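All remarks here apply to the structure that follows.
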Amino acid sequence: MAFGKGHHLHLIDGSAFIFRAYHALPPLTRKSDGLPVGAVAGFCNLLWGELTAARAQAATHIAVIFDAGSKTFRNEIYDQYKANRPPLPEDLRPQFPLTRDATRAFNVACLEIDGFEADDIIATFARQAKEAGGTVTIFSSDKDLMQLIGDGVDMHDPMKNKRLGREEVLEKFGVGPERVVDVQSLAGDSVDNVPGAPGIGLKTAALLINEYGDLDTLLARAGEIKQPKRREALVDNADLIRISRDLVRLRDDVPVGVTLESFELQPPQGEAVMAFLKQMEFATLMKRVGEKLGVAAPALEAGKGYEVAGAHEVAEVTQAPIDPGSYVCVRDMATLQGFIDQARQRGWLAVDTETTSLDEMRAEIVGISLAVEPGVAAYVPLLHRTGTDDLLGQVTLVPGQMDRDAVLAALKPVLEDPSVLKIGQNMKYDAKIFARLGVQVAPIDDTMLMSYAMHAGLHNHGMDELSQTYLGHTPIPIKELIGSGKSAVTFDRVDIDKATRYAAEDADVTLRLWQMFKPKLHQAKVTTVYETLERPLVPVLAEMEMAGIEVDRQVLSRMSGAFAQKMAQLEEEIQTLAGEKFNVGSPKQLGEILFDKMSLPGGEKGKNGAYSTGADILEDLATEHELPGRVLDWRQLSKLKSTYTDALQDHINPETGRVHTSYSISGAVTGRLASTDPNLQNIPVRSEEGRRIREAFVAPKGKVLVSLDYSQIELRILAHVADIPALQQSFRDGIDIHAMTASEMFNVPLSEMTSDIRRKAKAINFGVIYGISGFGLARNLRIPRGEAQGFIDRYFERFPGIKEYMAATVKFAQERGYVQTLFGRKIHTPEINARGPGAGFAKRAAINAPIQGTAADIIRRAMIRMPQAIAGLPAKMLLQVHDELLFEVEEAAADTLISRAKEVMEGAAHPAVAIKVPLVVEAGKGANWAEAH
DNA sequence: ACGCTCACG
DNA sequence: GACGTACGTGAGCGTA
């Protein structure tokens with residue numbers, strides 16, 4: 001029978017059901033294999049409830065509509081559409097196809113169409129139903145659907161369990177359903193990232209539309225608006241507003257390919273429902289559905305059902321042992337396609353690349369390994385070369401390898417497919433290799449970062465260590481393939497059979513680690529840390545590293561020359577003073593000259609019997625003799641030359657002409673990044689001579705460098721976490737915090753503050769962050785230990801909250817074995833209950849970690865939000881130096897960049913944590929880093 | 001491979 | 001009462 005008068009259609013927004021189910025339930029997994037099924041279970045419950053309700057409401061037709069998940073036509077209109085959506089939780093993705101299966105199992109029509117959102121499909125069916133003379137109820141909480149209300153179409157919000165009609169639309173938008181699109185086009189939508197008109201919200205938009213009738217009239221007569229702000233917002237952004245309208249207006253002409261008749265409400269077929277529920281191991285639901293349908297629920301075998309993720313370890317015992325002999329060497333397209341198909345089927349793929357270098361910007365890809373299941377792994381050799389060059393000195397490819405570009409072309413769709421999760425160990429490396437080959441790998445999971453989120457402080461997170469610790473398996477060492485030291489060869493010279501065993505094993509191990517870590521993230525309560533502070537940082541850092549920073553070789557080379565001259569001169573003077581030639585760079589020889597030959601006082605031998613000749617000791621000796629001062633000068637120049645002016649030149653990439661550092665996300669236990677090859681986080685700044693090295697870090701013509709750094713961020717965090725009202729107030733008032741501390745401690749009014757008193761207070765403030773001790777402060781200030789202890793006692797007397805915070809933090813660590821940042825990052829403190837001197841170290845580290853770690857979390861949050869915030873500006877984020885971000889930007893846009901980036905940085909803690917003191921960011925710009933800082 | 005020294009936050 | 005200490009990093013060098 002044709003759909004028409006008297007018929008009533010229920011249209012269900014399936015995606016809304018899924019998300020609601022996912023967030024309402026704990027992470028449940030199927031007992032037999034650990035498959036995440038929480039969202040599916042919740043979805044089935046909601047659907048079952050809805051089916052019961054539909055009958056009660058005399059629905060005659062029903063359908064569940066899903067989002068197809070891939071890009072839609074709206075992304076072609078506006079590429080930023082929905083661009084700020086958080087990434088999908090990794091355990092939700094594989095449940096999507098199961099919810100479709102569930103819908104079909106309940107004998108309900110289900111539909112999704114590539115290129116369109118569920119909302120468009122719903123709009124299309126709603127129109128068809130209306131035109132046929134029937135009525136429609138839409139089940140969704142999505143306000144975008146409210147434009148469809150009226151004339152036989154109403155909505156039901158399942159979250160609030162309430163009907164939405166014309167009155168509710170008026171209440172929410174200030175206009176009727178027919179003008180909802182106009183209002184939304186003006187107001188924009190931050191959730192979907194619809195731009196709208198800047199500065200116009202829902203209220204103003206409704207006011208304008210009601211005054212002018214509709215959007216087109218309003219835009220045509222925008223010049224008449226009296227308020228200058230509103231007038232400009234509309235006149236200047238007319239195009240953006242029209243684009244916004246195309247984004248919010250639902251299409252009701254989607255080629256759906258099915259008719260309304262096919263949605264006729266059918267009773268569920270007991271057998272099909274039961275088969276599905278049994279497969280999912282949903283015992284309770286089987287019983288409930290069975291009773292209603294009058295079918296016996298089949299019993300589940302022992303050990304089946306579902307449970308909260310990680311409740312039991314099933315992974316290891318059920319897995320096949322790791323056997324490198326079983327891996328496949330891929331030499332033809334059909335075999336490769338087989339792995340790709342398996343990846344699509346499962347929704348995940350473990351990937352690893354083998355290359356000629358650890359430097360991602362110079363490395364050439366040699367092969368790719370893949371794994372889809374524990375034990376099911378393959379290696380695709382691409383560019384292995386013969387061990388010896390031929391007679392002409394030419395390298396020759398080993399025969400039997402597939403063409404690199406053909407393999408990449410085959411892999412690109414799956415590597416870029418948003419519905420297939422790519423799993424790797426240190427994915428930033430592989431993502432950069434692929435990016436250089438034109439493949440943007442996403443979405444990703446990273447076992448190194450999962451381990452870091454769970455185990456920071458317990459051990460490092462390299463693959464060999466993780467495999468040993470968590471799989472009890474020692475992977476083939478890379479040394480066995482490429483050798484070590486001077487005789488090491490690059491991976492392209494490795495025999496393909498050996499490479500297959502090694503490389504595929506890495507992918508296999510990575511996949512197994514991922515399966516083991518996944519449920520444990522929830523258990524360790526670090527899912528949010530992983531999802532918001534680790535995983536999203538990978539693409540951000542990859543971008544920064546690939547951008548690199550321009551370094552002027554000339555500047556460095558000139559400085560190197562000058563340093564060399566000055567050093568030679570100093571060396572001669574030193575040797576004359578010593579009365580003999582010796583290696584000034586050898587602490588051992590220097591110690592013997594100073595303390596044995598010249599008999600200067602204060603010679604202390606370290607653990608291996610050598611005299612200590614550190615800067616502080618030489619500074620003390622400088623009053624006794626000329627030589628130590630000269631050595632200090634020589635050392636400074638030597639350091640600057642070897643570590644900076646010489647070494648940095650070697651790091652200039654010949655292709656890009658820029659220096660590309662690599663950030664280690666999991667290198668520092670506190671959450672800080674670490675920079676290597678080269679380390680761009682310790683470029684000199686404290687001494688005048690050193691600071692000049694920053695003049696070599698330059699912006700290209702027409703651009704400038706912009707530096708933004710958090711002012712006193714760790715002290716601000718201390719004021720918050722230790723809850724010290726006096727410190728908090730000073731930060732709110734913008735008072736010099738060290739002067740204020742000094743004033744409180746020494747009873748000196750701010751107006752009479754001397755730089756010496758302030759210096760002491762500053763040292764104490766920093767000392768507190770480090771877990772202060774009388775000894776440490778005494779050494780830092782070069783004052784007697786008793787005096788230093790006196791300062792500390794006075795400080796604690798004045799700010800008792802600090803002492804309480806320190807004690808509470810240590811106690812927390814002793815009881816739980818870890819400390820936490822404000823954002824939930826855990827830093828383990830395994831040595832906290834040790835005896836001996838180690839105990840002191842562990843306590844101070846435990847006190848420092850939440851403060852340093854919270855600061856690290858904050859700048860991570862800022863960095864993750866930054867690409868979105870500066871999109872459209874001719875600007876790039878280049879470097880991070882713990883509390884500083886460095887950008888390169890076209891000169892004309894520098895001030896815009898500063899204001900946008902500053903806003904992101906100062907607001908980075910929100911909305912997760914409301915810090916009681918303002919975060920303040922200071923900005924500078926200039927032709928080089930010295931000027932910008 | 002390890003420790004010393006020193007550059008940074 | 002003695003011990004040994006500021007927190008977090010990475011690079012280059014000399015020495016074993």
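Convention: sequence-line order gives letters A, B, ...; per-chain numbering from 1. Note that this is a predicted model, so its numbers are computed, not measured. Computation of the quantities below employed the complete heavy-atom set of this structure, encompassing side-chain atoms and omitting hydrogens, waters and symmetry-equivalent molecules.
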Which of the following nucleotides, C/dT5, C/dA16, C/dG8, is nearest to the side chain of A/Val669? C/dG8
Measure from NZ or CZ of A/Lys826 to the centre of the six-membered ring of A/Tyr818 and say whether it is under 6.0 Å with the direction within 45° of the ring axis. yes
Below the 4.0 Å mark, does C/dT15 have OP1 or OP2 next to a side-chain nitrogen or oxygen of A/Ser586? yes
P spacing across the pair C/dT5 / B/dT5, given as an integer number of angstrom: 13 Å
What about A/Phe746 and A/Phe791, are their ring centers closer than 6.0 Å? yes
Name the closest nucleotide to the A/Arg694 side chain, picking from B/dC8, B/dC6, C/dG8. B/dC8
If you look at every strand shown and take non-hydrogen atoms under 4.0 Å, does A/Asn679 touch a base, only sugar-phosphate, or nothing? sugar-phosphate
Counting any heavy atom closer than 4.0 Å, what does A/Ile851 reach on the DNA or RNA strands: base, sugar-phosphate only, or nothing? nothing
For a quick check of understanding: with a heavy-atom distance under 4.0 Å over all strands, which category does A/Ser773 fall into, base, sugar-phosphate or nothing? base
Phosphate contact (B/dC6 OP1 or OP2) by A/Thr643 side-chain N/O below 4.0 Å: no
Have a look at A/Gly614 and say if it touches a base, only the backbone sugar-phosphate, or nothing, with a 4.0 Å heavy-atom cut-off. sugar-phosphate
Step through the shown structure and confirm whether more than 12 heavy atoms of other residues, nucleotides or ligands are within 6.0 Å of CD on A/Glu624. yes
B/dA7, OP1 or OP2 - any side-chain N/O from A/Arg686 closer than 4.0 Å? no
Between B/dC6 and C/dA2 - C1' atom distance, rounded Å: 31 Å
Side-chain N or O of A/Asn583 less than 4.0 angstrom from OP1 or OP2 on C/dG14? yes
Angle between ring planes, A/Phe697 versus A/Trp929, binned at 30° and 60°: parallel, tilted or perpendicular? perpendicular
Under 4.0 angstrom, heavy atoms only, what part of the nucleic acid is A/Ala849 near: base, sugar-phosphate, or nothing? nothing
Within the 4.0 Å heavy-atom criterion, would you say A/Ala855 contacts the bases, only the backbone, or no part of the nucleic acid? nothing
When you measure from the side chain of A/Asp446 to the backbone N and O of A/Asn426, does any donor-acceptor pair fall under 3.5 Å? yes
I'd like the P distance from B/dC4 over to C/dG4, given in whole Å. 14 Å
Using only side-chain N and O atoms of A/Gln589, determine if any of them is under 4.0 Å from OP1 or OP2 of C/dT15. yes
Heavy atoms under 4.0 Å, any strand shown: does A/Asp677 hit a base, just sugar-phosphate, or nothing? sugar-phosphate
Looking at A/Tyr795, I'd like to know if the NZ or CZ of A/Arg798 sits under 6.0 Å from its six-membered ring centre while staying within 45 degrees of the ring's axis. no
B/dC8 OP1/OP2 closer than 4.0 Å to side-chain N/O of A/Ser675: no
May I ask you to say what A/Phe775 touches in the nucleic acid, namely base, sugar-phosphate or nothing, with a heavy-atom cut-off under 4.0 Å? base
Among residues 776-791 of chain A, which contact DNA chain C at a heavy-atom distance under 4.0 Å? A/Leu777, A/Arg779, A/Asn780, A/Arg785
How about A/Phe766 and A/His738: are their ring centroids closer than 6.0 Å? yes
Using a heavy-atom cut-off of under 4.0 Å over every strand shown, decide if A/Gly767 touches base, sugar-phosphate, or nothing. base
So what does A/Ser638 touch, heavy atoms closer than 4.0 Å: a base, only the sugar-phosphate, or nothing? nothing
Please classify the nucleic acid contact of A/Glu884 as base, sugar-phosphate, or nothing, using heavy-atom distances under 4.0 Å. nothing
Nearest-neighbour nucleotide for the A/Pro587 side chain, C/dT5, B/dT5, B/dC8 considered: B/dT5
Candidate nucleotides C/dG8, C/dT5, C/dG12, ranked by approach to the side chain of A/Ala845 - the nearest: C/dG8
Per A/Pro684 side chain, nearest of listed nucleotides B/dT5, C/dG8, B/dC8: B/dC8
Of all the nucleotides listed (C/dG10, C/dT5, C/dT15), which has the minimum atom distance to the side chain of A/Asn682? C/dG10
In this structure, are over 12 heavy atoms from other groups packed under 6.0 Å from A/Arg691 atom CZ? yes
Looking at C/dA6, B/dA7, B/dG9, which one has an atom nearest to any side-chain atom of A/Gln636? B/dA7
Salt-bridge contact A/Glu797-A/Arg794 (side-chain N to carboxylate O under 4.0 Å): no
Starting from the 5' end of DNA chain C, give me the residue, A/Arg672 or A/Thr676, whose nearest nucleotide shows up first. A/Arg672
